[in-house]
S.K.: 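Structure in structure tokens, see below.
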Amino acid sequence: MASGQQQQQRSELDARARQGETVVPGGTGGKSLEAQEHLAEGRSRGGQTRKEQLGTEGYQELGQKGGQTRKEQIGREGYQEMGRKGGLSTTEKSGGERAAEEGVDIDESKFSTS
């Protein structure tokens, strides 16, 4: 009986995947359930290989390079604006919501790069 239920679940997931929905984490872009499963597995393996190549130090270096690049992009002013917005956030509301409610001007262009 469980086999029939599993088959039905897979059929439903496959139908959703064929409509363009991602039904398997990491399976983005797959046009069927099976394709999404294969994509997710391949991406996972690729990540493991990269992890083995770089090691802890390699990932630390990448993170530092990324942080330095971001610092160059937005500078001191960008971090100050980001901090003002973050400082307004609460568990109930985001910093952006509170800033709008309280009339606090946050210049997101100082920390947005797009």
Side-chain angles (χ1 to χ4, degrees):
M1 194 54 88
S3 173
Q5 286 177 334
Q6 287 175 340
Q7 191 173 9
Q8 183 179 357
Q9 283 179 329
R10 287 189 62 79
S11 294
E12 290 169 6
L13 288 173
D14 189 54
R16 289 171 39 201
R18 290 180 188 281
Q19 291 177 356
E21 184 180 340
T22 301
V23 296
V24 176
T28 306
K31 304 293 183 204
S32 69
L33 177 60
E34 187 176 353
Q36 287 188 19
E37 289 171 338
H38 281 89
L39 282 168
E41 184 179 340
R43 289 176 177 146
S44 175
R45 282 188 188 162
Q48 288 299 318
T49 301
R50 189 71 173 144
K51 180 180 172 183
E52 291 166 8
Q53 290 171 343
L54 293 176
T56 303
E57 295 83 10
Y59 272 107
Q60 286 175 341
E61 187 177 330
L62 280 177
Q64 287 172 348
K65 284 182 180 180
Q68 184 63 36
T69 300
R70 185 70 173 149
K71 180 180 172 184
E72 292 167 5
Q73 288 173 339
I74 68 172
R76 181 183 172 104
E77 282 186 4
Y79 278 109
Q80 287 175 335
E81 284 296 295
M82 198 183 307
R84 282 173 19 110
K85 183 176 180 181
L88 291 170
S89 68
T90 64
T91 54
E92 291 83 30
K93 295 182 181 173
S94 72
E97 290 171 327
R98 282 214 37 223
E101 284 178 2
E102 297 178 17
V104 177
D105 185 40
I106 303 288
D107 185 359
E108 292 192 13
S109 69
K110 291 183 179 178
F111 60 88
S112 298
T113 56
S114 52

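Computed from a predicted structure; not experimentally measured.
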S.K.: Measure across I106 and A99 and return the closest heavy-atom pair with its distance rounded to 0.1 Å.
M.R.: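 Result for this residue pair: CG1-CB, 3.7 Å.
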S.K.: Give the minimum heavy-atom separation between V104 and R84, together with the two atoms involved.
M.R.: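 Here V104 and R84 meet closest at CG1-NH2, 3.9 Å.
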S.K.: Among K71, K65, E72, find the residue that satisfies the side-chain hydrogen bond (donor to acceptor under 3.5 Å, both in side chains) test when tested with Q68.
M.R.: E72
S.K.: Distance from Q64 atom CD to Q60 atom CD, nearest 0.5 Å?
M.R.: 7.0 Å
S.K.: How far apart are the closest heavy atoms of A17 and S32, and which atoms are they?
M.R.: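 Result for this residue pair: CB-C, 3.7 Å.
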S.K.: Who passes salt bridge (charged side-chain N to carboxylate O under 4.0 Å, His left out) against R76, sequence neighbours left out?
M.R.: none
S.K.: If you look at every heavy atom in F111 and K85, which pair is closest and at what distance?
M.R.: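 Heavy atoms of F111 and K85 come nearest at CZ-CD, 3.9 Å.
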S.K.: Nearest 0.5 Å, please: how far is CD in E34 from CG in L39?
M.R.: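 Nearest 0.5 Å value for the CG-CD distance: 11.0 Å.
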S.K.: Is R43 reaching over with its side chain to a backbone N or O of T28, donor-acceptor style, under 3.5 angstrom?
M.R.: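 Indeed, once roles are kept as given, a pair shorter than 3.5 Å links the two residues.
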S.K.: One pair to check against salt bridge (charged side-chain N to carboxylate O under 4.0 Å, His left out): E101 and R98. What are the steps and the verdict?
M.R.: CA-CA 5 Å; E101 284 178 2; R98 282 214 37 223; 5.7 Å; no
S.K.: Step by step, work out the side chain to side chain contact (heavy atoms under 4.5 Å, CB included) result for V24 and L33.
M.R.: CA-CA 7 Å; V24 176; L33 177 60; 3.7 Å; yes
S.K.: Regarding R16 and Q19, do their side chains bring together a donor and an acceptor under 3.5 Å, going by distance alone?
M.R.: no
S.K.: Is the closest side-chain heavy-atom distance between M82 and I74 below 4.5 Å?
M.R.: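 In contact.
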S.K.: Step by step, work out the salt bridge (charged side-chain N to carboxylate O under 4.0 Å, His left out) result for R10 and E37.
M.R.: CA-CA 12 Å; R10 287 189 62 79; E37 289 171 338; 2.8 Å; yes
S.K.: Check G27 against A40 and note the closest heavy-atom contact, atom names and distance.
M.R.: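 In this case the closest contact between G27 and A40 is N-CB, 4.1 Å.
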S.K.: Would you give the length of the straight line joining atom CD of Q6 to atom CG of L13, rounded to the nearest 0.5 angstrom?
M.R.: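 So the gap between those two atoms works out to 11.5 Å.
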S.K.: Measure the spacing between CD of E97 and CG of L88 and express it to the nearest 0.5 Å.
M.R.: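 Output value for this atom pair is 11.5 Å.
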S.K.: Which pair of non-hydrogen atoms, one from A35 and one from G30, has the smallest distance, and what is that distance?
M.R.: CB-CA, 4.1 Å
S.K.: Please confirm whether the backbone N or O of E21 pairs with a side-chain atom of Q36, one donor and one acceptor, at under 3.5 Å?
M.R.: yes
S.K.: Mind running salt bridge (charged side-chain N to carboxylate O under 4.0 Å, His left out) on E41 and R45 for me, showing each step along the way?
M.R.: CA-CA 6 Å; E41 184 179 340; R45 282 188 188 162; 2.5 Å; yes
S.K.: Hey, is CD on Q80 packed in by over 12 heavy atoms from elsewhere, all under 6.0 Å?
M.R.: yes
